[in-house]
Amino acid sequence: MVRIITCLYKTFQVSLQPMEKRVRVRFAPSPTGGLHMGGVRTALFNYLFAKKHGGDFILRIEDTDQTRFVPGAEEYIVNALKWCGIAPNEGVGFGDGPHAPYRQSERKETGIYKKYADKLIESGHAYYAFDTAEELEEVRKRMEAAKVTSWQYNAVTRQTLRNSLTLPDDEVKRLLDGGEKHVIRLKVPRNEEIRFHDIIRGWVVVNSSQVDDKVLLKSDGMPTYHLAHIVDDIEMQISHAVRGEEWLPSAPAHILIYRYLGLESEMPKLAHLPLILNPDGNGKISKREARFPVFPLSWQDPRESTPYIGYRESGYYPEAFVNILALLGWNPGNNQEIMSLDEMAALFEFERVNKSGAKFDPEKAKWFNQQYLRKRSDDELAEEFKQILKQRNHSRKDEFLVEFCKLVKEKVQFVKEFWDHGSYFFEEPKLQVEAVIAKKWNPQSKELMKELQTVLETLDSWNTEAIHAAFDALVKEKGKIDMQLLRVLLTGAAGGPHLFDMLALLGKEEILKRFATALKKL
RNA sequence: GCUCUGUUCUUCUAAAUGGCCAGGAAACUGCACUUUCACUGCAAAAAUACGGGUUCGAUUCCCGUACAGAGUACCA
């Protein structure tokens with residue numbers, strides 16, 4: 001009877017977990033390069049979830065692979081999260097906290113991972129393996145030649161390899177004492193059904209025959225991800241492990257580790273996020289081929305010569321960037337698309353995260369930025385545009401810039417585009433004989449323009465209404481004046497803001513000067 | 001190859017535990033407003049991968065096929 005109850009309990013353990021556990025989530029990247037948008041989204045979902053439940057959001061650096069360490073990557077990650085406005089409240093770069101250190105390489109020094117690995121050895125759920133990486137490589141090659149497609153170190157094959165399960169005890173002891181290089185592997189049962197629940201995907205069942213005897217502790221003494229993240233999640237009292245879909249296949253191994261450690265009841269709930277896919281073609285986003293930014297901030301890989309441009313440098317607002325990311329795989333259930341972090345957090349839940357991967361649409365991303373740009377006041381935009389103007393060695397009075405932004409605002413998606421759409425407000429227009437002029441320029445229109453010039457010259461007050469009135473009066477007297485021709489003459493552009501507004505802003509002196517040069521040139 | 005996970009308009013997606021003409025957004029097209037471009041408004045077009053079941057009824061449940069993604073390391 002007790003057995004049955006225990007068995008039932010084990011089966012439903014996950015769902016019987018107390019719900020009151022404080023929400024503590026972590027983002028745990030490895031510093032192997034710049035953090036790309038997929039990683040940022042994982043961080044974002046963690047952040048939103050923590051925020052919604054008033055929990056903690058932790059940044060842990062998983063730097064257990066010394067060979068892949070990239071200088072600057074960690075700092076980049078910290079800066080990226082800050083720029084996005086989703087700063088963790090605990091962890092590397094964010095003031096640490098009660099569970100310091102938060103870098104696995106430093107945590108390793110405390111012996112914590114070894115302790116857990118030894119525990120598994122003691123309970124008979126892990127063993128020492130002395131096969132070198134080269135030897136195993138050799139085996140794999142041989143098996144491949146023999147048409148065995150995926151050879152694994154597992155319940156069957158470990159019986160023919162050099163490990164503490166096949167070697168005599170005294171031999172094992174001798175090797176260990178002699179400092180022989182070895183790893184510690186998880187002893188995965190041969191044929192056992194492993195069930196686990198994912199908040200996003202529901203129940204997943206995998207047979208243990210599909211999971212290999214994962215290395216837990218490497219020969220250099222470092223833990224692998226599999227061991228390290230579990231130890232840390234337990235030690236840091238993580239309530240929900242939120243990570244990318246690429247971890248789903250190894251989740252069964254993780255369940256086993258928790259189970260063998262006797263920690264299944266303390267195991268964090270799992271949520272595997274869908275991937276962000278490339279807009280054209282298939283597959284995940286590749287930083288090399290993408291025709292849109294992949295990184296939040298520009299990233300210069302020390303191993304490569306050309307930097308990758310970031311969203312920030314492309315002119316995206318962090319609010320827009322984060323908003324785009326949030327809606328890739330999640331939606332609030334209503335039709336709202338533009339949301340602040342606070343609004344998103346209030347609405348966020350994993351149950352509303354999609355199971356399938358989402359293709360990223362760069363065009364819609366721009367639209368998002370445009371929405372946020374429009375929310376800015378003309379004053380704010382002027383302030384932002386001032387920087388860009390400065391780079392071009394121009395400056396204007398604030399009042400001019402505010403008015404300029406007001407006129408051009410509706411045409412742009414990015415602040416930097418103010419320049420593209422209105423450079424002629426700051427520089428002399430380039431008067432090329434383009435199609436418009438070629439078609440419309442003749443002695444008659446030239447005469448009209450001259451007349452207009454004279455009329456404007458005598459104008460006392462210079463504002464939209466006065467210019468408009470003067471213009472109308474002239475049209476009444478002399479006939480129709482081609483607005484587009486006039487525009488091209490004065491700006492060099494075929495389109496733009498309302499003509500009279502533009503004249504008013506540019507000022508009488510400047511307009512008359514432009515009339516003069518245009519008439520002289522043509 | 002094997003394992004796992006997916007599959008609603010071109011794209012992101014909605015439609016609590018099966019039930020009104022499958023909804024919204026981006027893009028595209030048209031119209032209106034602008035003596036321009038844009039903005040805005042309106043309109044149009046556009047989907048349940050395929051084949052079987054279960055059911056009075058399936059986007060929703062089950063099976064198969066196809067396609068896609070991920071994993072298959074002493075990497076994370």
Side-chain angles (χ1 to χ4, degrees), chain A residues 28-33 62-65 67-68 104 129 131-134 136-137 140 144 147-153 181-185 198 200-202 204-207 209-212 214-226 228-229 243-252 272 274-275 277-280 282-284 324 327-338 351-352 354-368 370 374 407-412 421 436 471 475 480-488 491 493-499:
Chain A
S30 55
T32 54
E62 311 220 323
D63 55 348
T64 52
D65 187 354
T67 63
R68 295 210 308 158
Q104 288 183 331
D131 325 85
T132 65
E134 294 73 35
L136 293 177
E137 183 67 23
R140 281 202 182 85
E144 204 169 317
K147 296 236 159 87
V148 175
T149 43
S150 75
W151 182 86
Q152 290 189 320
Y153 206 121
K181 286 258 181 196
H182 66 274
V183 300
I184 293 180
R185 283 183 183 269
D198 182 288
I200 296 171
R201 281 149 214 282
V204 178
V205 186
V206 180
N207 191 284
S209 63
Q210 300 304 324
V211 346
D212 64 333
K214 297 225 176 299
V215 170
L216 302 175
L217 214 58
K218 301 187 257 188
S219 57
D220 65 357
M222 278 286 190
T224 59
Y225 169 83
H226 305 295
H229 93 274
R243 64 216 325 187
E245 194 183 6
E246 68 269 23
W247 292 109
L248 202 49
S250 51
H272 289 94
L275 267 23
L277 273 20
N278 218 36
D280 38 51
N282 297 308
K284 57 184 176 185
I324 295 159
L327 258 27
L328 241 33
W330 171 79
N331 73 83
N334 53 34
N335 286 332
Q336 194 182 356
E337 293 197 292
I338 303 297
E351 285 75 7
R352 293 208 69 91
N354 277 63
K355 295 183 183 72
S356 51
K359 280 188 185 177
F360 175 66
D361 183 354
E363 288 308 312
K364 187 142 189 188
K366 291 177 189 167
W367 176 82
F368 271 102
Q370 185 178 35
R374 290 200 182 143
L407 292 185
V408 185
K409 188 179 185 177
E410 65 204 18
K411 304 191 184 312
V412 305
H421 284 91
V436 179
F471 183 86
V475 169
K480 199 178 172 206
I481 298 175
D482 194 297
M483 297 279 277
Q484 205 185 11
L485 179 61
L486 177 59
R487 178 185 290 282
V488 173
T491 69
H498 284 282
L499 196 46

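In what follows, chains are A, B, ... by sequence order, proteins preceding strands, each numbered from 1.
OP1 or OP2 of rA76(B) has at least one side-chain nitrogen or oxygen of Lys218(A) nearer than 4.0 Å. Proximity of Arg352(A) to the phosphate of rA15(B): a side-chain N or O atom is located under 4.0 Å from OP1 or OP2. For the OP1/OP2 pair of rC74(B) and a distance below 4.0 Å, the side-chain nitrogens and oxygens of Arg185(A) include at least one atom meeting the criterion. Put simply, Arg374(A) has a side-chain N or O that comes within less than 4.0 Å of OP1 or OP2 on rU40(B). Dashed line: the shortest gap from a side-chain N or O of Asn331(A) to OP1 or OP2 of rU13(B) is not under 4.0 Å.
With sequence neighbours left out, the ring pair (Phe, Tyr, Trp, His ring centres under 6.0 Å) criterion links Tyr153(A) to no other residue. With sequence neighbours excluded, the residues forming a salt bridge (charged side-chain N to carboxylate O under 4.0 Å, His left out) with Lys366(A) are Glu363(A), listed by chain and number.
With both pairing distances under 3.5 Å, rG19(B) is matched to rC56(B) as a Watson-Crick or G-U wobble pair. Figure legend. rA73(B) is base-paired to no nucleotide; pairs are counted as Watson-Crick or G-U wobble with both atom distances under 3.5 Å. The pairing partner recorded for rU48(B) is none, the criterion being a Watson-Crick or G-U wobble arrangement whose two distances lie under 3.5 angstrom. When Watson-Crick and G-U wobble pairs are counted only if both distances are under 3.5 Å, rU5(B) pairs with rA68(B). Across the strands present, rU10(B) finds its partner in rA26(B); the criterion is a Watson-Crick or G-U wobble pair with both atom distances under 3.5 angstrom. Applying the Watson-Crick and G-U wobble criteria (two distances, each under 3.5 Å), rC31(B) pairs with rG41(B).
Here the separation of rC75(B) from rC63(B), taken at their P atoms, is 38 Å to the nearest Å. Taking the P atom of each, rA25(B) and rU65(B) are spaced 40 Å apart, rounded to whole Å. Taking atom C1' in both rA16(B) and rA32(B), the straight-line distance is 41 Å, to the nearest Å.
Few gaps surround NZ on Lys411(A); more than 12 heavy atoms of other groups in view lie less than 6.0 Å from it. The 12-atom threshold is not exceeded at CD of Glu144(A), counting heavy atoms of other residues, nucleotides or ligands nearer than 6.0 Å.
Not one N or O on the side chain of Asn354(A) forms a donor-acceptor pair closer than 3.5 Å with the backbone of Ser356(A). Side chain of Thr491(A) to main chain of Ala493(A): a donor-acceptor pair is present (N/O by atom type, distance under 3.5 Å, no hydrogens or angles).
Ala133(A) comes within contact range of at least one nucleobase, with a heavy-atom separation under 4.0 Å. Using a 4.0 Å heavy-atom distance criterion, Pro274(A) is classed as making no nucleic acid contact. At the heavy-atom level, Gln152(A) lies under 4.0 Å from the strands shown only through sugar-phosphate atoms. Using a 4.0 Å heavy-atom criterion, one finds that Val215(A) contacts the sugar-phosphate atoms exclusively. Residue contacts shown for Gly329(A) are limited to sugar-phosphate atoms, with no base heavy atom under 4.0 Å away. Within the nucleic acid shown, Arg243(A) has no heavy atom closer than 4.0 Å to any nucleic acid atom. The residue Tyr153(A) sits apart from the nucleic acid: no heavy atom pair falls under 4.0 Å.
Among the nucleotides rA27(B), rU35(B), rC74(B), the one closest to the side chain of Val475(A) is rU35(B). Which of rG69(B), rC74(B), rA76(B) sits closest to the side chain of His226(A) comes down to rA76(B). For Thr64(A), taking side-chain heavy atoms from C-beta onward, the closest of the listed nucleotides rU35(B), rA15(B), rA76(B) is rA76(B). Listed nucleotides rC12(B), rA73(B), rG69(B) differ in distance to Leu275(A); the shortest reach to its side chain belongs to rG69(B). Of all nucleotides listed (rA70(B), rA76(B), rA14(B)), rA70(B) comes nearest to the side chain of Lys284(A). Listed nucleotides rA38(B), rU35(B), rA76(B) differ in distance to Glu410(A); the shortest reach to its side chain belongs to rA38(B). The side chain of His498(A) sits closest to rU34(B) out of rU35(B), rA76(B), rU34(B). Here the nucleotide nearest the side chain of Ser219(A), chosen from rC12(B), rA70(B), rC74(B), is rC74(B).
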Using nucleotides 1-8 of chain B, report all nitrogen or oxygen pairs with the protein that are shorter than 3.5 Å.
from: rG1(B); atom 1: N2; to: Ser150(A); atom 2: OG; distance (Å): 2.7
from: rG1(B); atom 1: N3; to: Thr149(A); atom 2: OG1; distance (Å): 3.2
from: rU3(B); atom 1: O4'; to: Gln210(A); atom 2: OE1; distance (Å): 3.3
from: rU5(B); atom 1: O2'; to: Arg201(A); atom 2: NH1; distance (Å): 2.6
from: rU5(B); atom 1: O2'; to: Glu245(A); atom 2: OE2; distance (Å): 3.4

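In this model, no side-chain donor or acceptor of Lys364(A) finds a partner on the base of rA27(B) within 3.5 Å. Judged by distance alone with a 3.5 Å cut-off, no donor-acceptor contact links the side chain of Lys359(A) to the base of rC12(B).
The two atoms that bring Lys218(A) and Thr64(A) nearest to each other are NZ-O, 3.2 Å, heavy atoms only.
Using a 4.0 Å cut-off between charged side-chain N and carboxylate O, Asp65(A) and Arg68(A) make a salt bridge. Lys364(A) has a carboxylate O that lies under 4.0 Å from a charged side-chain N of Glu337(A), or vice versa, which qualifies the two as a salt bridge.
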